[in-house]
S.K.: 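Submitted below is the structure of interest, expressed as structure tokens.
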Amino acid sequence: MAGQILSGLNSAQRDAVTSDADVVQVLAPPGSGKTKTLTARVAYLLAHRQLKPWNIIVCTFTVKAATEMKERIRKFVGDECAKQLKLGTFHSIALRYLKQYGVHIGLAKDFGVADTADSKAIVKRIIRQNDLSIDAGQARGRISTQKAKGIDSEQFARTCKSTEQQEFSQIYQDYQAMLDASELLDYDDLLLKCCTLLRTQRQCVANIEALLIDEFQDTNNIQYQLMSLFAQHRNVITIVGDPDQSIYGFRSAEIKNLSRMRESWPDTLTINLEENYRSSGAILLAAQHIIEQDEARPPKKLQATHAFGLRPILRKLPHAQAEAEWLVSEVKRLQTLTGNLLQPSDFAVLLRSAALSRVMEAALGQAGVPYRMVGGSRFYDRVEIKLLLDYLRVINTPTNSEALARIINVPARRVGETTVKALVEEARQHRTPLWIYIKAIAQGNRRSSTRIHETAMLGLRKFVGIILGGRAKAEANPSQPVAVVDVLNLVIKKLNFEKYLTEHYKEDHESRWSNVEELLAQATEASDPARLQSLLELSTLPAIDGVEQAELSTKDDALSVFLANIALTTTSLEKAEADGEKVSQLTISTIHAAKGLEWPVVFIPACYDGSIPHSRAEDNDEERRLLYVGMTRAQAVLYLSSPARNSQREEAVQSTFLNQPGVISFFEEHGPSISFAATKGLATTLGRDCPTQSELETCKKILDRDEDNYWPLNGEAPFTELAKADGIGFGMQNMQPATVFISTNTTMQQAANFPGAGLASAPGFTSLKTRFEEAREELSLAQVDKRAKSAKVIEGDKSKGRKRQIEGQGSIATFFGKPTLVKQSSSVGSLGSMDPTDDLVSEPLSKRLRPPLQDVANRGSERIRTGQGRRNLLQHKVRNAPLLQRPSTRVEDSGAPCSAYMFLSSSPTRQEEDLTAAEPSYEVVRDDREDAAQVRSATTFHTTTMQKIAPQRKTLGMRRSLQGWSARGDKN
DNA sequence: GCGCCCCGCTTTTTT
DNA sequence: AGCGGGGCGC
């Protein structure tokens, strides 16, 4: 057994795992086998100290970490045993104790959990009511900070002096009063109340034999207290952590808890892990260099175990859009040139803030690279889901006035803002929960002091009826567990919810409805008694003499438990993968959410001042650590990049962390050349089989650019890009590139079936932006030629060489000479008419052309955050998309030489089967003169795309070669 | 007075 | 993608 547990551990890890010390600190830098050590320690404690799993608590910080930890422990000790451990986030473990024993400290039995939105709403209302000028978000943050320190509203009120503090104190007190009245605990309360519980009812944790904590550097004061309390009987504690990876200071994490712990338990054994098993030497060296800029930090050893490998890349790009395009091209280049040594799932894009993902998603969606977005908004935050959950919450706890106020007029019942406001205010004055008050009014037992319209009264009655109906359902059969689904179904029926969605969200009601279906599925699952049991793991919390457990049966608390857990659950990652498609997907994530994870190739875009370090960050050292955390996620290839202008077109300066003298020597200026040797190196670092040299040669032929040499290294725009900045003012800077298909009537060469074709977008697809750039280029050439001064002139110029060239290239010249982009009626985004020959300057294109970002971005991709209904959702979306409509405007034939017209449609084209294909959302319609403007069905189009496109690809190559770029298209 | 719709503005990180 | 404000219609 010991052999099994210890196999594959180095000596430091072994020491940590087998130590006889009761209190062990393992300081584990990135990639040093932190989780491995912790899981092995759990297994060791079980096997060698004969501890019982239900007497062990394992705490993590994020849901994801908990999931992963559980998975790894399961592999070690088996399913049965792993299940019995008390393993979860601090918050979820606290919730379990509170649900079980909370009544002993005066908590309501079915208290709810206030999520961020609830807290925010409460604070906002208090501020409005008291006519204060404090920012709601800030006030909420301050409340949270105080709570994290363990200071409650009364304590704070006693100590505060200045009027400003008193003002805040008032908000804090009102806020707390509001939570109490609504029987809600916010996130911080979960921890605070649990501390109170364990302090007053010590027996609750009398059984706890060992406590293990992951990512200890992220604990805040209250979590530290909680740790002490969990372990108060035996004081057996193992923690792992790394001060360099402390990135939750904003949540009041205190690095000094590490030293505090050594003071509290003087016998603490500290073990340093120093070998990194994750990253190549070059990456590690660069990361070390960055983190060492922090001079206050104690020097630390970190030994690479891998070869030096490829140096990381620090790339400059002209703007955010270009950065995204470049990133995508590098993904494709690496994937193709390494002969599929790398899958999309081997790539990660790590961002300082989730909002930065938009540009990335657009570019990836564009290129048909499947991706998933981790973090960002959660499934349960979607409006339609929140709405239903609010109904459930009110049915479960009608005193929850917050939720009540939100749903009272949704769907609209003619109970308007003014009426609601009045009711809320009156209820407040009467010191009555809103629910009691409106129920009395609706039932005619009370008169409102303000007049309520007849219609409003009707609506109110209807609403009260629904809630009462729901409650009746929930209590229908006292001997049976509440079927959460039944209640949910009732609400959906009473609200006529499907119809409501259809009417209210014309565009995407399908997807919203499928989210509802997803929620129903989850409710069904939660209604299963066995499942419910495991949700709380009731069986593992011991009945203890002297502490009477709350009569927590599965009977009447199913709903309450379901709701409380939802508040603590981000969308379940494991589930998404379990039911999942085996489509390999690139990961987009915030750096925070990426902690603890690793990928062969990591991109960290937007490395500019204001993003990282973030403009609103208070602690630059923490921002630096954040960059360090991001960098150390990479195993073999690491790209950092910064645009000269951010997505708002503001000037952006490369991050100070990267601007320091000396930093540059750790980086390359552009993506690596992928030689056979380089590929072999990657394969070794990743422990994978390397493709043969001849395979790689074949792959190389596929790309028309096998080096990262399109964008100039100095961060300026390439010639084609510069053209647009010369005063013509295309205004495309903000434009998301749209894929445009150019069809010609030439036949094709091979294209589609090279390895990796699935990932690489169909060759020849080029961005609309590029199209325009090339159009611009054409224009400037024409000007130099003195052949033409404007589009019109070119159009009229049918002379010789020029003409031939035009014919050879077909669409561009045609496009330019006789641009015929015709507006389609749109179901997704608005798409303005776009005719480059008419007034180019009058209105920025970004205004006129807005591609259906969402749709393009989602194609072939899923976002984890959309929950498990995604697949259906996509299918719905595509299947029910309106068919491409005929252009409302006929193409006018000016008589210019042309071989193709382009049509843009912002509607997703209908396609029945192939969801993964990167099919166009824009379509070109060929014009064979006889049959102009014939709209081809998308399905047909799709199958012919490849053939139609290939020659165009060659054309592109030629065009580029004009400027001296290598162009594979020319060589064949 | 009330409700609905459109537009423009802003967006750190997590439980 | 949400929120507040303004405009408009009932």
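Per chain, numbering begins at 1; letters A, B, ... match sequence-line order. Only this structure's heavy atoms are used, side chains among them; waters, hydrogens and symmetry mates stay out.
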S.K.: Side chain of A/Arg352: nearest nucleotide among B/dT12, C/dC3, B/dT15?
M.R.: B/dT12
S.K.: If I pick the C1' atom on B/dT12 and the same atom on C/dG4, what distance separates them, to the nearest angstrom?
M.R.: 22 Å
S.K.: Taking CD1 from A/Ile452 and C1' from B/dG1, how many angstroms apart are they, rounded to a whole number?
M.R.: 14 Å
S.K.: For B/dT12, take OP1 and OP2 only and decide whether either is under 4.0 Å from a side-chain N or O of A/Arg616.
M.R.: yes
S.K.: Write down the distance between CG (A/Leu350) and P (B/dT13), rounded to a whole number of angstrom.
M.R.: 14 Å
S.K.: Between A/Glu622 and A/Thr419, just flag the one whose closest nucleotide in DNA chain B comes earlier from the 5' side.
M.R.: A/Thr419
S.K.: Whole Å only: how far is the CG atom of A/Asp218 from the P atom of B/dT13?
M.R.: 16 Å
S.K.: Do A/Thr397 and A/Glu183 have side-chain atoms, one donor and one acceptor, less than 3.5 Å apart?
M.R.: no
S.K.: Under 6.0 Å between ring centres, would you say that holds for A/His592 and A/Phe250?
M.R.: yes
S.K.: For A/Ala456, report the nucleic acid contact type (base, sugar-phosphate, nothing); a contact means any heavy atom under 4.0 Å.
M.R.: nothing
S.K.: Of the nucleotides C/dC3, B/dT15, B/dT14, which one has an atom closest to the side chain of A/Thr590?
M.R.: B/dT14
S.K.: Going by atom types only, do A/Asp188 and A/Ser144 share a side-chain donor-acceptor pair under 3.5 Å?
M.R.: yes
S.K.: If you check every side-chain atom of A/Ser353, which of B/dT12, C/dG2, B/dT14 has the closest atom?
M.R.: B/dT12
S.K.: So which one's nearest nucleotide on DNA chain B is more toward 5', A/Arg413 or A/Glu623?
M.R.: A/Arg413
S.K.: Would you call A/Phe250 stacked on B/dT13, i.e. ring centres under 5.5 Å apart with the planes less than 30° off parallel?
M.R.: yes
S.K.: Give a yes or no on whether the ring-centroid distance for A/Tyr248 and A/Phe61 is below 6.0 angstrom.
M.R.: no
S.K.: Calculate the interatomic distance between A/Leu597 atom CG and B/dT14 atom P; express it in whole Å.
M.R.: 13 Å
S.K.: If you check every side-chain atom of A/Ala593, which of B/dT14, B/dC4, B/dT12 has the closest atom?
M.R.: B/dT14
S.K.: Measuring from the side chain of A/Arg251 (C-beta onward, heavy atoms only), which nucleotide among B/dT15, B/dT13, C/dG4 has the closest atom?
M.R.: B/dT15
S.K.: Under 4.0 Å between any heavy atoms, over every strand shown, what does A/Lys124 touch: base, sugar-phosphate, or nothing? Just pick one.
M.R.: sugar-phosphate
S.K.: Does A/Thr116 put a side-chain nitrogen or oxygen below 4.0 Å from OP1 or OP2 of B/dT14?
M.R.: no
S.K.: Over all strands shown, is A/Val629 touching base, sugar-phosphate only, or nothing at heavy-atom distances under 4.0 angstrom?
M.R.: nothing
S.K.: Picking from C/dC3, B/dT12, B/dT14, which would you name as closest to the side chain of A/His614?
M.R.: B/dT12
S.K.: Does A/Lys386 have a side-chain nitrogen or oxygen under 4.0 Å from the phosphate oxygens OP1 or OP2 of C/dG2?
M.R.: no
S.K.: Tell me: CD1 of A/Ile143 to P of B/dT14, nearest whole Å?
M.R.: 21 Å
S.K.: Check every strand shown and say whether A/Phe61 touches a base, only sugar-phosphate, or nothing at a heavy-atom separation below 4.0 Å.
M.R.: sugar-phosphate
S.K.: Please confirm whether the ring centroid of A/Tyr500 lies under 6.0 Å from the ring centroid of A/Phe497.
M.R.: yes
S.K.: Please give, in whole Å, the distance from B/dC2 C1' to A/Arg414 CZ?
M.R.: 7 Å
S.K.: Once you round it to whole Å, what is the distance between C1' of C/dG4 and CG of A/Asp135?
M.R.: 14 Å
S.K.: Rounding to an integer number of Å, can you tell me how far A/Leu423 CG sits from B/dC2 P?
M.R.: 11 Å
S.K.: Using the P atom as the reference point in each nucleotide, state the distance between B/dT11 and C/dG5 in Å, no decimals.
M.R.: 16 Å
S.K.: We want to know whether A/Thr450 and A/Glu426 form a side-chain donor-acceptor pair, criterion being a heavy-atom distance below 3.5 angstrom.
M.R.: yes
